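Computed over heavy atoms, backbone and side chain alike; hydrogens, waters and symmetry mates excluded. Please read all numbers here as calculations on a predicted model, not as lab measurements.
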Amino acid sequence: MRILLVEDEPRVARFIAKGLREQSYAVDIAVDGDAALYKAEIDDYDLIVLDVMIPSRDGFEVCRELRRQGVTTPVLMLTARDAVNDRVAGLDAGADDYLSKPFDFKELLARLRALLRRRESLRTESLRVDDLTINTRNHTVERSGRNISLTAKEYSLLEFFVLNAGKLVGRDEIGRHVWDENFDPFSNVIDVYVRRLRKKIDEGSNRPLIHTRRREGYVFSGEAKGGNV
């Protein structure tokens, strides 16, 4: 899952981004309203965390402009202002949820999970493909009763595959949703992580789940697919 964090205070932005990355989210940071709108236009995000008090255009204006442009990405607003009128203004601008500063990071994570669950592709905390099950709340993975230990990035890649099970996904699409803006599309890092993930989840099984389509991408499925490497 890729998140756009819009926050102009460097210390706060670093704290939130670090915590989110530790939870397997890819995070891009924008420090003002114009940068936020630009990033939202050129990249695909699964969720936007938007501070209200930011330079150039405030969070209310950014949210209104996103909705005017037809961007339906869930928006969680952050603000140090806790007045009812401010919360109403944020929701009326098109925000999906509102969190006042200071906040407990666990609450932020819970609200993000709730927003993501509202999307049709993530209705439950437990997702299953064939004999593999992942828990999107605590990031545990099992296959045929065997616990599988993954790094944060490996888990993020696996979750993306599971959410798109049965579909052909290209490297560009994987890069947009699993890695942040620092990702080098000309590197082989995706292939490296796919090989690591394949080794971990397919160990001891005669049914591979990750299938490679040469020059096209990958299909995650328990059914046999042609073109495996």
Side-chain angles (χ1 to χ4, degrees), residues 1-83 86-119 121-122 125 136-139 152-153 155-156 159-160 163 175-183:
M1 293 291 180
R2 188 172 180 181
I3 293 177
L4 175 60
L5 171 61
V6 188
E7 171 60 66
D8 66 314
E9 296 184 34
R11 182 183 60 81
V12 176
R14 286 194 300 269
F15 169 77
I16 296 175
K18 179 176 183 294
L20 292 176
R21 286 166 181 153
E22 289 175 351
Q23 295 296 314
S24 304
Y25 296 108
V27 182
D28 294 339
I29 299 175
V31 297
D32 61 45
D34 289 332
L37 290 171
Y38 175 73
K39 288 179 181 292
E41 180 180 358
I42 65 172
D43 287 313
D44 295 327
Y45 292 100
D46 299 290
L47 198 143
I48 298 173
V49 179
L50 176 61
D51 187 51
V52 171
M53 302 299 291
I54 52 176
S56 71
R57 305 191 193 191
D58 66 22
F60 299 137
E61 187 176 351
V62 169
C63 195
R64 282 193 293 268
E65 180 62 19
L66 289 172
R67 298 312 188 217
R68 188 190 68 80
Q69 293 176 5
V71 176
T72 59
T73 304
V75 174
L76 171 64
M77 277 194 164
L78 301 177
T79 183
R81 304 189 306 194
D82 193 28
D86 291 327
R87 295 198 297 272
V88 171
L91 296 172
D92 283 346
D96 298 272
D97 201 358
Y98 204 97
L99 186 59
S100 299
K101 298 178 180 177
F103 53 82
D104 188 296
F105 198 76
K106 291 180 180 179
E107 182 179 2
L108 173 64
L109 292 175
R111 288 177 181 265
L112 295 183
R113 289 193 299 267
L115 288 177
L116 290 170
R117 281 198 300 272
R118 292 179 191 174
R119 309 189 77 174
S121 60
L122 195 62
E125 292 181 356
T136 61
R137 180 183 178 86
N138 56 27
H139 294 185
K153 187 58 68 178
Y155 172 83
S156 184
E159 183 181 85
F160 178 78
L163 289 171
R176 288 197 305 271
H177 287 274
V178 181
W179 273 265
D180 60 23
E181 60 190 348
N182 297 313
F183 171 69

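The line from CD of Glu61 to OG of Ser56 is 8.0 Å long, rounded to the nearest 0.5 Å. Between atom NZ of residue Lys18 and atom CD of residue Gln23 there is a gap of 10.5 Å, rounded to the nearest 0.5 Å. Going from atom CG of Leu99 over to atom CG of Asp104 covers 9.5 Å, rounded to the nearest 0.5 Å. Taking CG from Asp58 and OG1 from Thr79, the interatomic distance works out to 9.5 Å, rounded to the nearest 0.5 Å. The CG atom of Leu76 sits 11.0 Å away from atom CD1 of Ile48, with the distance rounded to the nearest 0.5 Å. Between the CZ atom of Arg176 and the CD1 atom of Ile42 there is a distance of 12.0 Å, given to the nearest 0.5 Å.
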Derivation of the side-chain contact (heavy atoms from CB on, under 4.5 Å) call for Val75 and Val62: CA-CA 11 Å; Val75 174; Val62 169; over 6 Å; no
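Side-chain N or O atoms of Lys153 include one that pairs as donor or acceptor with a backbone N or O of Val178 at under 3.5 Å. Remark: the backbone N or O of Ser24 is paired with a side-chain donor or acceptor of Ser156 at under 3.5 angstrom. Without hydrogens or angle criteria, Glu7 side chain to Glu9 main chain gives a donor-acceptor distance under 3.5 Å.
Considering only heavy atoms from C-beta on, Ile16 comes within 4.5 Å of Leu108 through its side chain. Using a 4.5 Å heavy-atom cutoff, the side chains of Leu4 and Asp43 are not in contact. Side-chain contact between Met1 and Leu163: present, with at least one pair of heavy atoms (C-beta onward) separated by less than 4.5 Å. A 4.5 Å side-chain heavy-atom check between Asp51 and Lys101 finds at least one atom pair inside the cut-off. No side-chain heavy atom of Tyr25 sits less than 4.5 Å from a side-chain heavy atom of Val49. Side-chain contact between Val52 and Tyr98 is present, with heavy atoms from C-beta onward closer than 4.5 Å. The shortest distance between side-chain heavy atoms of Val12 and Leu78 does not fall below 4.5 Å. Between Leu116 and Thr136 the shortest side-chain heavy-atom distance does not fall below 4.5 Å.
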Indicate every side-chain donor-acceptor pair of residues 26-36 with a distance under 3.5 Å to a residue at least two apart or in another chain.
unit_1	atom_1	unit_2	atom_2	d
Asp28	OD1	Glu181	N	2.8
Asp28	OD2	Arg2	NE	3.0
Asp28	OD2	Arg2	NH2	2.5
Asp28	OD2	Tyr45	OH	2.7
Asp32	OD1	Asp34	N	3.2
Asp32	OD1	Ala35	N	2.7
Asp34	OD1	Arg57	NE	3.1

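The aromatic rings of Phe105 and Phe15 sit perpendicular to each other, their planes meeting at more than 60°, with 30° as the lower class boundary. Aromatic ring pairs are classed by plane angle as parallel below 30°, tilted from 30° to 60° and perpendicular above 60°; the pair His139 and Tyr155 is parallel.
Of all heavy-atom pairs between Leu37 and Leu66, the closest is CD2-CD2, 3.8 Å.
Note on residues 91-100: pairs passing salt bridge (Lys or Arg N to Asp or Glu O under 4.0 Å), not counting sequence neighbours, are Arg67-Asp96, Asp97-Arg111.
Applying the ring pair (Phe, Tyr, Trp, His ring centres under 6.0 Å) test to Phe183 and every residue at least two apart in sequence or in another chain returns Trp179.
Sparse packing is recorded around OH of Tyr38, with 12 or fewer heavy atoms of other residues, nucleotides or ligands lying under 6.0 Å away.
Of the charged side-chain nitrogens involved, at least one lies within less than 4.0 Å of a carboxylate oxygen, so that Glu65 and Arg68 count as a salt-bridged pair.
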